[in-house]
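The block underneath contains the structure these notes are about, expressed in structure tokens.
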Amino acid sequence: MELLHKIKNPRDLDKLSPLELKQLCSEIREFLITEVARSGGHLGPNLGVVETTVAIHRVFNSPQDPIIFDTGHQSYVHKLLTGRQDFSTLRTKAGLAGYPQRSESVHDVVESSHASSSLSWADGIAKSFKATNQTDRYVVAVVGDGALTGGMTWEALNNISHDNDRKLVIVVNDNGRSYAPTIGGLARYLNAVRTEKMYTRAYRASRQFFESFGLVGKLAYSAARGAGKGLLGAFSPVGLFPNLDIKYIGPVNGHDLEAMEAALRQARKYSGPVIVHAITQKGKGYDPAMLNDEDQFHAVGQIDRTTGVSLEDKSRASWTSVFSKEIVSIADRRSDVVGITAAMLHPVGLAEFASKYPKRVFDVGIAEQHAVTSAAGMAFGGLHPVVAVYATFMNRAFDQVLMDVALHKAGVTFVLDRAGVTGPDGASHHGMWDLALFQVVPGMRIASPRDAERLREELNEAVAVSDAPTLIRFSKGAANSEIKELRRTKDGVDVLFEAGNKDVLLVSVGAMATTALEVARLLESQGIGSTVIDPRWVVPVPQSVLEMSAAHRLVVTIEDGVKVGGVGTRVRQDLRAAQIDTALTEIGLPDEFLEHASRNEILERVGLTAQAIARDIVAQVVGSRIPHARALAETTETNVKI
């Protein structure tokens, strides 16, 4: 890493010769493979933008010229070139973030890693520069071709093309993939541009013409290419968006540093918006990634650096894999059940369904809003769509759930993967708002399975509902081992634990059942009786939850969503409506953007552990609400210490 370690800021790149720049790119790839294999993270996308990112920083002057990454998972090279080369703490507590983060560097602009927003950001920043007469500043947006499938991108392009006297450069990082291969008409068009026969023949002919003159010809060809001829000039196709007034340069080999620099310098000459179309290879330079057809190592855990084989323990089935197998089982029995996802076929567990029934699974690209309204249309036509997305991305389609699905009483099932605290990906990837958001949708029924068996059970119950939307949410990682119920009420509430007096009713939501059971045992050791229940379907609140609440002195709801407007709030409102005056405490996540760290570290910090919850309950019940616990407090402090 002789050269990489000398790069403290982007302007250090100016001192390097073409040969040194090539060596630097090689060092960056070696660094990324070694470090990300050890820590886990987004490997494939960053290996694919090494030369492109170096070229951007050579031509533009960050942070004077803001650089926006869409999405931020392709920003590792940018971090290295802006003085952040300690990857030993990547995506760990208090360590380097996996996405751009303003608190880390003035070079980072947009922190959110939700796709398709970069062009709107760039449009707004460029308008601001124009309005404040900052005419010497450029805005650069690096957008993956997958992000171009998102509706926001097209809204932004419409506005960018309307006002064409701003210094805005759009670098399309075209590798033919989002997470998996990019789909749809745009993907077909981009593929045609990449392989256009006229362009290919002309480029080859021009190169052969120059090189036929030997060394002098090669030098002339290099000079012509640098001047924007041949590869960047007359032989270019019409462009990506020929009907929009946006200049186009490309396609350019995104791994040819000289070509990328020449294209960007040409783009810099224009006073209006320019698209630079860079063709790249996801996972470039790492054979295990390039040979992986599923996702080309888009995101990995810890892996063997040489082979790329995962080092993570996979002895327990993940929530995603449980869903994957069960949805196929349902599809075998129900020909009307179809799957929909937004560019996340493998991550959300629909790949097996798609493999077996390819005409019944629809990948709509990064277009959650379209996915939801399309699902409403499918339901009207007689199908039962299962829309599977990450919980954090479902936020983007709230209006469509409300107005297109719920208002029309459409039988659509939403399956939200990575719900709650997800860990190292940080604020924009925690799926912590779903319970608060979607419980306000009229007619919505929400389930949160506590273990794999309940996921199977509740998924079957969900697809049986044909006159209202249903939603199932589960965590990231391994599914909980089976937690058997002691009994089930007539309206489907599972009683998991009963001991002692009816002092505290613990209402657990989904995977928090294991925590609730541990809390109950800690309370029991303090002489406080408790009952633990899993409502299974948390919205609407089952009647038996209200009845059991009336029979206890204190109700405590435990959920891994925001407690403001969460399930606990819903239970409180229903208790009040039923004129049940049992005291209630809501335990959940604070209304703040949570940092990147492990799930356990975050839960411990916010007090969502069995120890913290039990202490909180003891503090409430001792000396006030539970008579027989009063004596407990009056003895010694150790009696109430947990």
Side-chain angles (χ1 to χ4, degrees), residues 4 7 10 13-14 16 18 21-33 42-62 65-82 99-100 107-110 115 118-119 122 138-148 168-178 182 190 193-194 225-226 228 231-232 236 240 248-268 274-286 289-290 296 298:
L4 177 58
I7 305 300
L13 297 172
D14 300 341
L16 302 183
L21 287 169
K22 185 175 181 180
Q23 180 184 336
L24 174 65
C25 291
S26 178
E27 290 183 11
I28 289 173
R29 280 200 171 85
E30 181 70 18
F31 178 93
L32 290 174
I33 293 168
H42 289 92
L43 182 56
N46 287 286
L47 292 175
V49 295
V50 174
E51 290 83 5
T52 297
T53 308
V54 170
I56 289 170
H57 275 294
R58 287 259 300 173
V59 174
F60 296 96
N61 184 25
S62 175
D65 301 327
I67 302 171
I68 303 162
F69 289 89
D70 189 345
T71 62
H73 62 238
Q74 58 182 330
S75 64
Y76 289 9
V77 184
H78 166 77
K79 287 176 182 273
L80 290 174
L81 300 179
T82 53
Y99 296 91
H107 296 277
D108 290 359
V109 178
V110 179
S118 64
L119 299 192
Y138 292 81
V139 183
V140 181
V142 183
V143 56
D145 62 298
L148 292 179
L168 197 166
V169 177
I170 301 168
V171 179
V172 176
N173 172 32
D174 180 6
N175 57 27
R177 306 177 75 90
S178 46
T182 309
L190 287 173
V193 171
R194 289 189 213 105
R225 185 176 64 178
L231 180 63
L232 306 177
S236 294
L240 288 184
Y248 171 87
I249 299 173
V252 188
N253 180 355
H255 302 300
D256 185 330
L257 189 55
E258 291 181 26
M260 277 304 303
E261 274 201 49
L264 292 168
R265 293 191 190 283
Q266 184 172 333
R268 190 183 171 96
V274 185
I275 292 174
V276 176
H277 184 185
I279 307 297
T280 64
Q281 168 67 58
K282 192 173 181 180
K284 174 76 173 178
Y286 187 43
M290 291 193 293
Q296 295 182 333
H298 179 89

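The first residue in the sequence is number 1, and the count goes up from there. Keep in mind the model is a prediction, meaning the values are calculated, not measured.
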Review point. Can you name the salt bridge (Lys or Arg N to Asp or Glu O under 4.0 Å) partners of Glu261, sequence neighbours left out?
Key: Arg58, Arg265
What's the separation between atom [atom1] in [X] and atom [atom2] in [Y], rounded to the nearest 0.5 Å?
X      : Y      : atom1 : atom2 : result
Ile28  : Gln23  : CD1   : CD    : 11.0 Å
Tyr286 : Leu47  : OH    : CG    : 9.0 Å
Leu148 : Asp174 : CG    : CG    : 8.5 Å

For [X], the option from [options] that meets side chain to side chain contact (heavy atoms under 4.5 Å, CB included):
X      : options                       : value
Cys25  : Val77, Val50, Leu4, Thr53     : Val50
Val171 : Ile67, Val140, Ile249, Val143 : Val140
Val59  : Met260, Arg268, Gln266        : Arg268

Testing the basics here: between [X] and [Y], what is the closest heavy-atom pair and its distance to 0.1 Å?
X      : Y      : value
Gly254 : Thr52  : O-OG1, 3.1 Å
Met290 : Gly283 : CG-O, 3.2 Å
Pro45  : His298 : CD-O, 3.3 Å
Pro100 : Ser75  : CD-OG, 3.4 Å
Val276 : Ala263 : CG1-CB, 3.9 Å

Exercise for review: Dump the intermediate steps for side-chain contact (heavy atoms from CB on, under 4.5 Å) on Val169 and Asp65, then the final yes or no.
Suggested key: CA-CA 10 Å; Val169 177; Asp65 301 327; over 6 Å; no
Check your understanding: In chain order, what residues pass the side chain to side chain contact (heavy atoms under 4.5 Å, CB included) check against Thr71, with sequence neighbours excluded?
Key -> His73, Ala115
Review point. Ala122: what forms a side chain to side chain contact (heavy atoms under 4.5 Å, CB included) with it, not counting sequence neighbours?
Key: Ile68, Val139, Ala141, Leu168
Point to revise | Salt bridge present between Arg29 and Glu51 (N-O < 4.0 angstrom) | key: yes
Check your understanding: Counting only N and O atoms by type, is there a donor-acceptor contact under 3.5 Å from the side chain of His277 to the main-chain atoms of Tyr248?
Key -> no
Check your understanding: Is it true that a side-chain atom of Asn46 and a backbone atom of Tyr76 form a donor plus acceptor pair closer than 3.5 Å?
Key -> yes
Check your understanding: Would Leu80 and Ile7 satisfy side-chain contact (heavy atoms from CB on, under 4.5 Å), going step by step from the backbone distance to the final call?
Key -> CA-CA 8 Å; Leu80 290 174; Ile7 305 300; over 6 Å; no
Check your understanding: Which pairs pass salt bridge (charged side-chain N to carboxylate O under 4.0 Å, His left out) with one or both residues in residues 66-82, sequence neighbours excluded?
Key -> Lys79-Glu104
Study note, to complete from the structure: Taken in chain and number order and not counting sequence neighbours, the residues that satisfy ring-ring contact (aromatic ring centres under 6.0 Å, His included) with His78 are His57, Phe69
Check your understanding: With sequence neighbours left out, what residues match Tyr99 under ring-ring contact (aromatic ring centres under 6.0 Å, His included)?
Key -> His42, His429
**Study point:** Test side-chain contact (heavy atoms from CB on, under 4.5 Å) applied to Leu257 and Val54, step by step
**Key:** CA-CA 8 Å; Leu257 189 55; Val54 170; 3.9 Å; yes
